Number of protein chains: 2
Amino acid sequence: MAWSIAEVARSSGVTSRTLRHYHSIGLLVPARVAPNGRRYYEQEQLLRLQQILLLRDLGLSLDVVGEVIAHRDEQDAIEVLAKHKEWLVKEQLRLGRLVQTVDATIDNLKRGGEMSPENVFEGFEHNPYEAEARERWGDEAVDASYERMRGWTEADAEKARTAYPKVHQGLAALKAEGVAVTDLSVQELIQLHYEVTSLFWTPTREAYKGLGQMYVDDERFRQNIGNGDDALVEYLRDAMTVYADSKLDD
Amino acid sequence: MAWSIAEVARSSGVTSRTLRHYHSIGLLVPARVAPNGRRYYEQEQLLRLQQILLLRDLGLSLDVVGEVIAHRDEQDAIEVLAKHKEWLVKEQLRLGRLVQTVDATIDNLKRGGEMSPENVFEGFEHNPYEAEARERWGDEAVDASYERMRGWTEADAEKARTAYPKVHQGLAALKAEGVAVTDLSVQELIQLHYEVTSLFWTPTREAYKGLGQMYVDDERFRQNIGNGDDALVEYLRDAMTVYADSKLDD
DNA sequence: GCTTGAAGTTGACGTAGCGGCAACATCTAC
DNA sequence: GTAGATGTTGCCGCTACGTCAACTTCAAGC
């Protein structure tokens, strides 16, 4: 007894299009193809189809499904499945983290926050600075920085989020008053700047001065910090230089 | 200050191809396109790109990313994200179940079992009989059956897996000895057959007789049960008819 | 001014797993 | 003989780009 494509489709819950597709990629070849082109399936193919659908529903690609069935009595099949399970577990964990991040993003939006990565930083995969940071300072430095972040307390994290804006605003006020960069009030703010920077890495004297210069040189930092006021960024750089020369070791 | 495509790509960690793609689908249009066709981006586009990558990494499609950013200050965006979170949670649960099923499949293969859905039935999504069952008996009956299965004990599940083969083998032996279908030994096996069938649904007299007839009429049941011995299936049907008439209510 | 290399451009094809046409052939029933 | 169901073979479409190919343009060095 042979079944037509529609009969097989109905009884297995897939469409005839799917069966034709499986034929075209050689995954499930009909028992017989009549001279008029019609496909006919037998018990053997029905059994194979069940196995295909079982494995497909496990999330395997059709390629892999074919391989597993071909080696179904050998060790290979088990290995493939075990590897696939590993993958599933990882995916599941990844989705769990995503749920957290989506939650954080929603939270942030509700409070009227902007949708910027800084605000949703936690558990976040695509840090917008990371790619460039790795290129500019190397993988080692970036990894070390992440390592350090993992040891943060709640207070550290709070500081990392809020301190820079405080410093920038404070400096803007002092600069407006004409206070010199060597003044203690300025240097105290730079002290805070140095502390929060140290949450990520420990700048030496020259490195800290270089950081200040980079703020000036890099358009994006300049914009972010000065918000249009380029002189403020230069003020910050000068203050950092003074701080580095007076307080930091080589 | 304008950045070239390669500069933007480096600083954001995507490829220039991706940026061109985003331009071609209108997701991120450069600030300026020079007469020679070159793309130039400004701060505004960099910010937008960061938002795009943030949302993309949350697992949203680019279509949806565009929508969310367009409505980023409205309630819509939050709703979309909330819906997306629901989806993520569901996916995560689904993957969890898949892990279980893969495990069960591996286990089964290790013991030399066949890779058939009956053996890995638990938590399984694509029951090969379900589609046809829904068509043949209706959604209501199938759903009721699933409802009943949810109340199974371990013993019930064991019975459901093993009883039918026992019945078929027992009947084959008795038939070979020339025992009549009315004989008590046959009827005891049918009693077991009725019990296990009742784990799924409760057949009335006529329904049970109809089931026996279907075993004979349907090629696949006939093959599955008789394994080539069509007379055995008819023997089963006759025995079921006798049982129904003597024991079952209308 | 010429050459060279880097960086840019626009197509176009490929990916996985089918869905959904269109255009045509064949089978079954009345 | 004709209609309606069922089949066939293309071919485009979908996602989010990767990966060529074939050119053009730009900046730098001789």
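Small disclaimer: the values here were computed from a predicted structure and weren't measured. Throughout, protein chains are lettered first and strands after them, A, B, ... in sequence-line order, and every chain is numbered starting at 1.
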First of B:Ser61 and B:Asn36 reached from the 5' end of DNA chain D, by closest nucleotide
B:Ser61
Would you tell me if any nitrogen or oxygen in the side chain of [X] comes within less than 4.0 Å of OP1 or OP2 on [N]?
{"X": "A:Arg56", "N": "C:dG17", "result": "no"}
{"X": "B:Thr15", "N": "D:dG18", "result": "yes"}
{"X": "B:Arg39", "N": "C:dT10", "result": "yes"}

So that I can tick it off, tell me whether A:Arg10 and A:Glu7 are bridged by a salt bridge, with the cut-off set at under 4.0 angstrom between side-chain N and carboxylate O.
no
Going by an N to O cut-off under 4.0 Å, is there a salt bridge joining A:Glu86 and A:Lys83?
no
Proximity of A:Trp201 and A:Tyr208 rings by center, below 6.0 Å:
no
Rounded to the nearest Å, what distance is computed from the CG atom of residue B:Leu19 to the C1' atom of nucleotide D:dC17?
12 Å
May I have the distance from B:Leu53 (atom CG) to D:dC17 (atom P), rounded to whole angstrom?
9 Å
Side chain [X] and base [N] donor-acceptor under 3.5 Å:
{"X": "A:Arg17", "N": "C:dG20", "answer": "yes"}
{"X": "A:Arg38", "N": "D:dT6", "answer": "yes"}
{"X": "A:Arg20", "N": "D:dT9", "answer": "no"}

Residue pair A:Leu62/B:Ser16 against DNA chain C: nearer the 5' end by closest nucleotide is B:Ser16
Checking B:Gln50 side chain against B:Leu47 main chain: does a donor-acceptor pair fall under 3.5 Å?
no
Remember a base hit wins even if backbone is also touched, and classify B:Tyr40 as base, sugar-phosphate or nothing at under 4.0 Å, heavy atoms.
nothing
Heavy atoms under 4.0 Å, any strand shown: does B:Ile5 hit a base, just sugar-phosphate, or nothing?
sugar-phosphate
Of the options D:dT9, D:dC17, C:dC18, whose atoms approach the side-chain atoms of A:Tyr22 most closely?
C:dC18
